[in-house]
Structure formats: structure tokens, C-alpha cells
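Comments concern the structure below.
All values derive from a computational prediction rather than experimental measurement.
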Amino acid sequence: MTTNLLDNLNPAQRQAVEVKDGPVLVIAGPGSGKTRVLTSRVAYLLEVRQVFPYRIMAVTFTNKAAREMRERLNKIVGASRGSDVMMGTFHSICARILRRDAPAAGLDRDFTIYDSDDQLKVVKSALDALNLDDKKYKPAAMQNAISTAKNELITPQDLKIETYYSEIVKRVYEKYNAILRTNNALDFDDLLMESVRLLQNSQAVREKMQERYLHVLVDEFQDTNISQYNLVNMIAGRHRNLFCVGDPDQSIYKWRGADYRNVKRLQTDHPDLEVVALDQNYRSTQTILDTAMAIIKKNPNRTHIKLFTEKGPGPKIVVRELSSADDEAQYVIDTINELINQKAAIAGDIAVMYRTNAQSRAIEEAFVRAGMPYKLVGATRFYARKEVKDVLAYLRIVNNPADSVSLQRVINVPARGIGDKSFATLDETARAAGITAFEALKQNKMTGRSIKALAEFATLWQKWVNLRDEMNVGRLFDQIITDSEYREYINDNTEEGNDRWANVLELREVALAAGDAPLSDFLNDVALVSESDNLEETVNAPVMLTLHAAKGLEFRCVFIVGLEEGILPHSRSLENPEEMEEERRLMYVGITRAKERLYLLRAFQRSTWGRSDIAAPSRFLEDLPPALLDGKVRKNSAVLSNVTAWRVETTPALGSFNRATEFKPGDSVYHQKFGEGIVQRSIRQRDDEEVEVTFNDGRTRRLSAGISGLKKL
């Protein structure tokens, strides 16, 4: 059995499996068989080294990875032996540690584990207990700040107070923890943090754990955070048999707390670390691998690894520049049809990848127009996203004031103090009088505690209805977003908040594209597209997903769209070297998902913030060796014919993109709703700028200069 196991490994894999005891880092390039190596290493320890199963711990990031590893191991050594290996995710293993040694950690063994929704409720309770305004201090932002601190093993007492906001975070963090303890509960971050603290503070527990686990193996090591790094380092502290498998070039989850620098920490903490590189790829053609290496080699301070394959060169990388985002989407659909018709691929083995969820809208609509089913991975379809449905509901009650369903959706979004009971009373009052809720509000037929809030909403609603025939859809859209303060409600400056706001802006592009068409026509068109979202999601259909969601997957053919500065790489990375390094890693991950064919697409012009300007080509395109590329244009397509032409236009396009901001810190400004204020900062966002202003009411708001009508005084 053992001989067969080793015979199935290539020389580098075999070296990793048979490596001597001590700290080991296996740098596993994409498609190099890391799961096989991890599983084979455990089997080797059991079969050859005769290590008892219960003395081995194998840690993964997902339940799926743990199940796959367990199933493979059981096939090799048998279920009776394989089941005794401690194997699971970081969180599941920590939960077991804490339940077993709860008294030493100062915990009750019956503690409850709170999920993300539970945690958000606790944050809201903490804000309420501290009499803090949850509109000013967004619960999701507070939750994110607390999670970040816990991932870095920072207690409320250790939190650095550098601003008034950080003082608020500290107070909320303390109250949040107190509420958790009152409820005998831990959040997911506590499972890690409390386990680390237990090992740090209890010598007896630490020594017991260190003696029991002779070997500790870690999957996806590049995605560990500080608490996870400390955990495995301490458990392996006595025998020092720490076997880490990962690829620093695929570390793309910094926003989730992952710290790729843990690879450097491992090397620093273990000077005798043995490094084994798995550089043979079993997934992609050599052309795809060389393309990926051309991107990632620009990152500094990385461990050099040269990927190779025995699959041959394969087709060249197709690079195309289309005139717009809609043309880019149509090219994707046409090419997919061509691939399927020529039997070069089946539908389910084709993926379309993009940097942000908002980019899915144009591609989804192209699929719908073509009547082609598709699958959306890791996200909700564009027209089913909460923020999109909210804004459309606002527009629907303006178009049709009798629409009580849409009214119920937005009458208290953002929160106005109009609860379900108040809405039910309004609805009953209107029905009894045989009129619409809109008429009931105008006739001031309401009583009760919500009357003031209802009256204020009625004033806004009447204003929008009056503007319906004076403004086109785009201007009306902006007016509603501004008056309702929807941006302040939805964008809490977290990754998720930024994503939601990007979806609103993408819907705004659709509204602006409607031109002077009636609002009713716009809503009809959107309704037809969103209804088509109900097309059956068959298994054999092209897959749409973000580059972040693509990690760990593979496809025969891959399209990567939006290769423009500010999109890929993302605008937030343009002036931040560390962020830019992560964008390169993200591009590297996307490219290496492809087995045979890769298409890299960009739009010559992309509508953003209501204007359609020339988009600067992504710097990643310039990194690609021309010999690897098929840059030939399609017939009747007004696109540039080769990569050289992209370089010609880069300088002026980048120059226009990075132009100076109009608003400067300290500028006095005026907003028609919020009054006068002082600019704190301003950031260029493609054709507009995001301005942070502290107004005379003491509140700081982030506004789009173009949408809000902000003026200098």
C-alpha cells in the first residue's frame, strides 16, 4: 500500500511526503496536487513512521476540504485508523479544545457559538446600551473592527486609542464582550482568540496539547491570520513538527484578516525550516502558466517558483478590447456559443470572472438576452440584491403611488421610526377610506407616535412624484438617493458596504442609459430582465463569479473581464503598494483557474458615474509577453488590433484618471440638504470624487461630488 502511494507521486511531491521531522513549508503552486501531498503525508506518518493516529492534527479552512481529506485518507489507511486523526477547520478544532478545557479558560462548557447575524444583534445591543447612534456608528463597521482586533489577538484594553472613533470602538468592544459573556456565548473569532489565550495562560493545558500532538499539519497556510499562526505554532511548540502547505502567491484574503506575511514569520521563527516547492502543474497549459508567472513575478520579496507542466503549450491567450461594457459582455456570449458549437468545451466548463460583483450586471443581461442559462457562484443575481431592490422600490412608488408592496419595503429604509405596526395602521386606514396609502398620508389621516416620521416621509414622497415628469430617470434616481440618505445607510466603509454601493452605482448606469424615456418604461424593462433571472440554473451552464470566489476552482475555459485601471487592479490599490501586490495575486489566481483557454477582455470606454470616458488599460496587460498572445481583432469590431496599441494610449488615459481632486481638506462647502461643512478628505473615483465632509450638525458624511451637487463656498 505504501509503495503504491509513493509511486503515484512526482519527485517534489515525494520529497514533501518523506521529509524529515521538524518545521516544513511546502510551497504548493496552483494545480500542483497539494491535497494529495497533505493526505499522503498523514498516511506516510501512520504507515511508515508508525505514528499513532490520535497524535496527528490536520487543520483546514473549510469543512469541504476537511471532508475531502478525510475521505482520501480513509481510502488509504482505512476508516478505523483515519477517523482517529484530529482533522477539521480551525474553528471546529478550537471549539473542541475550549469545550474540553473550558474551566481552565474561564468558560462554561455549554457555551453557545454566535454566527454573524447573532453578532450583529449583539453589536446593536451594545450601541443601544451605550446610547450611541447606530446611524453614526454603523453596526456592521463596528462588528468588522471588533473582528479585526480579535484576529490580531487585541483585547479591548490593548486597543490603541488614536481617534475619537477608535475610542468608540473600544467602548463598544468592551460592552459587546460583556453581553457575550452574560449570554454564555462566544463568536467565531473568540473560538480562535480564547484558544490562543488558553494555551498562553495555562501551562498545564499547553503542555498536555504539545505532548499529545506529535505532528501538526496546516492547509492553505498563506490564508492564516495572527491568531491562527500563534495557535498552530504553540501546539507544535514542543516537538516542532509543523508541516505547512500553501502558496504565498495565492494569498488574496487580506480583507478577511489573512496575513501572507505569516510565511515570513514562519521562516524567522524557525531558522531550520525546510522548504519544498511543488512546481509541476497538472491543470493548465504552459502558455497559461507563463502568463500567470509574467504577472506575479512583479511582486517583490516573494519566493521564486517556476511552474511547469507536461501538457504542452496549448492555445495562445486571447486578448480583446471591446468598445463598451455591453460589447464586452456580448463578446463573452458570442464566444461561449462558438466554443460550444465547435465542441471545444461544454457550457458547465466555462467561467466568466470579474473583480467586483457590480460587474455581473452587464454580463447577466447579455445571458438573459441570449436566452442562455447561467450559474452565479457566491453571490445573489444582480436584480435580486437587496440594495438594487430597495432603490427600484423607491422608483416604483414614485411611478405608482398605489404600490403598497414597494412602499412597505422602503418606508422605513433607512430607519425612520416607522415600524411594522405603524405601516399596518397606515394600510388599514387607507383601505377603510378606500384610498391609497399615499392619499392617506397627504390627507393627514394618521395618528400615533409615528405621525411626525410619516409626515416627513410623505413630504419627500410628494416631492419625488412632483419631479417625476420634470426629471429624467437618472436625475430622479440621484434625487432619491440624496434625499433618502440611502448611501449613508448602505455604505458603512466595510468591504461589503463598498460592494453594495457599487451595485447601486451600477443600477444608476442603467437609469442614466434610459435617457429621457419615461420612468414607467425603465421599470418595465428592468422587470423583464429581473423576471428572466428565474431561468433554470442547470448544472451544465456557464459559471459567473468574482476572482475571490474562484480560488480552489478550475475550468476548461476562463474569461476575465474588466482589465482596466481602477477595476483590475482595483482603484483602492493604485496608491498602496501592498494592495497592488494583492491585486497581482488575485489576477494570478484567476489566470491559473484555466486549463486550456484563457480570454482577457477590457472595454475601450466604460460608463462610470454617469460618463463614458476612455478607460485606461490594466497595467497587467503590459506585463504579458506578446509571443503568448492572440491579439487579432474580430471582423467588424472597432477594437485595437494588438497589444502594442494598448501601450500607446496608456499614458494619456492614466493621466486623466489620476487627475487632482477638486475638493481639498479644509475647503468650506455647501450641500442643499445638509448645509455648510468642512472637507476632511477627498478621493478621486474615476470620473468623480468621493468627498468626506463634517457638517455643522456635527455629523461626517461621505458624498459623491457629482451626485450630491456639493459646492465650494
Side-chain angles (χ1 to χ4, degrees), residues 23 34-35 38-39 41-42 45-46 51-74 81-115 147 150-151 153 185-202 204-246 253 256-259 262 266:
K34 72 176 180 64
T35 305
L38 263 172
T39 308
R41 174 65 175 177
V42 176
L45 292 173
L46 295 172
V51 178
F52 289 112
Y54 71 88
R55 301 201 71 188
I56 299 173
M57 174 187 287
V59 192
T60 67
F61 269 84
T62 66
N63 289 315
K64 179 183 176 184
R67 281 195 304 272
E68 181 183 353
M69 198 169 159
R70 176 82 71 186
E71 288 168 3
R72 290 194 187 191
L73 181 62
N74 289 347
R81 298 189 72 199
S83 61
D84 287 338
V85 174
M86 171 69 96
M87 187 178 292
T89 65
F90 275 99
H91 291 103
S92 67
I93 287 176
C94 286
R96 279 183 257 179
I97 291 171
L98 291 175
R99 290 201 191 279
R100 185 180 61 210
D101 293 299
L107 300 169
D108 188 310
R109 281 195 174 91
D110 297 324
F111 61 80
T112 301
I113 300 172
Y114 279 1
D115 63 16
S147 178
K150 289 187 176 185
N151 284 336
L153 302 174
L186 299 177
D187 62 25
F188 279 112
D189 299 312
D190 280 331
L191 294 176
L192 294 165
M193 187 175 187
E194 293 300 328
S195 294
V196 171
R197 293 176 67 186
L198 171 64
L199 293 174
Q200 288 174 334
N201 299 331
S202 172
V205 173
R206 183 172 65 251
E207 289 180 350
K208 179 179 68 176
M209 290 278 290
Q210 289 176 339
E211 176 54 32
R212 171 167 183 154
Y213 294 110
L214 181 61
H215 290 271
V216 179
L217 300 90
V218 186
D219 188 18
E220 302 285 11
F221 183 74
Q222 78 281 347
D223 292 333
T224 54
N225 58 34
I226 293 295
S227 60
Q228 290 161 339
Y229 177 81
N230 276 272
L231 180 79
V232 296
N233 219 23
M234 275 195 289
I235 293 174
R238 179 173 180 179
H239 299 290
R240 298 185 68 247
N241 295 324
L242 183 56
F243 186 91
C244 302
V245 181
Y253 298 125
R256 265 188 349 208
D259 192 341
N262 281 346
L266 187 69

Please tell me if the side chains of L153 and M193 come closer than 4.5 Å, counting only heavy atoms from C-beta onward.
yes
Heavy atoms, side chains only, cut-off 4.5 Å: are I226 and N262 in contact?
yes
How would you list, by chain and number, every residue that makes a salt bridge (Lys or Arg N to Asp or Glu O under 4.0 Å) with D190, sequence neighbours excluded?
K150, R181
Which residues satisfy the salt bridge (Lys or Arg N to Asp or Glu O under 4.0 Å) test with R96, sequence neighbours excluded?
none
For the OG1 atom of T89 and the CG atom of D219, what is their distance to the nearest 0.5 Å?
11.5 Å
Name each donor-acceptor pair under 3.5 Å that joins a side chain in residues 56-63 to protein atoms two or more places apart or in another chain, with its distance.
from: T60; atom 1: OG1; to: T62; atom 2: O; distance (Å): 3.1
from: T62; atom 1: OG1; to: A65; atom 2: N; distance (Å): 3.0

Check whether any side-chain N or O of R206 sits under 3.5 Å from a backbone N or O of N201 as a donor-acceptor pair, and report yes or no.
no
Kindly write out the residues that satisfy side-chain contact (heavy atoms from CB on, under 4.5 Å) with R72, not counting sequence neighbours, or none if the list is empty.
T35, R36, T39, E68
CZ/R212 to CD1/I235 distance, rounded to the nearest 0.5 angstrom?
11.0 Å
For A105 versus L198, what's the shortest heavy-atom pair and its separation?
N-CD1, 3.8 Å
Residue pairs fulfilling ring pair (Phe, Tyr, Trp, His ring centres under 6.0 Å) with at least one residue in residues 205-227, sequence neighbours excluded:
none
Enter the distance from K208:NZ to S202:OG here, rounded to the nearest 0.5 Å.
8.0 Å
All pairs passing side-chain hydrogen bond (donor to acceptor under 3.5 Å, both in side chains) where residues 226-235 contributes a residue, at least two apart
N225-S227, Y229-D269, N233-H270
Quick one: salt bridge (Lys or Arg N to Asp or Glu O under 4.0 Å) partners of R197, sequence neighbours excluded?
E194
Run F90 and T224 through side-chain contact (heavy atoms from CB on, under 4.5 Å) and show every step you take.
CA-CA 10 Å; F90 275 99; T224 54; 4.0 Å; yes
Sequence neighbours left out, what passes salt bridge (Lys or Arg N to Asp or Glu O under 4.0 Å) with R55? Give chain and number order.
E211
Spatial distance of atom CD1 (I93) from atom CG (L231) [nearest 0.5 Å]:
8.5 Å
What closest approach, in Å, do N74 and G82 show between heavy atoms, and which atom pair accounts for it?
OD1-CA, 3.4 Å
By side-chain hydrogen bond (donor to acceptor under 3.5 Å, both in side chains), K64 pairs with (sequence neighbours left out) none
Shortest non-hydrogen contact between H239 and Q210, atoms and distance
CD2-O, 3.2 Å
Once rounded to the nearest 0.5 Å, what's the spacing between atom CD1 of I113 and atom CG of L191?
5.0 Å
So, are E220 and K34 salt-bridged, with charged N and O less than 4.0 Å apart?
yes
Could you walk me through whether H91 and L192 pass side-chain contact (heavy atoms from CB on, under 4.5 Å), step by step?
CA-CA 7 Å; H91 291 103; L192 294 165; 3.7 Å; yes
Output yes when a side-chain donor or acceptor of R81 lies under 3.5 Å from a complementary backbone atom of L73, and no otherwise.
no
Evaluate the criterion side-chain contact (heavy atoms from CB on, under 4.5 Å) for residue pair L199 and V205; output intermediate values, then yes/no.
CA-CA 6 Å; L199 293 174; V205 173; 4.2 Å; yes
Looking only at non-hydrogen atoms, find the nearest pair between C94 and S195 and report the distance.
CB-OG, 3.3 Å
Candidate pair V42 and M69, rule side-chain contact (heavy atoms from CB on, under 4.5 Å), full reasoning
CA-CA 10 Å; V42 176; M69 198 169 159; 4.1 Å; yes
How far does CG of L45 sit from CG of N241, to the nearest 0.5 angstrom?
8.5 Å
Considering only residues two or more places apart or on different chains, which pairs with a residue in residues 102-115 satisfy side-chain hydrogen bond (donor to acceptor under 3.5 Å, both in side chains)?
none
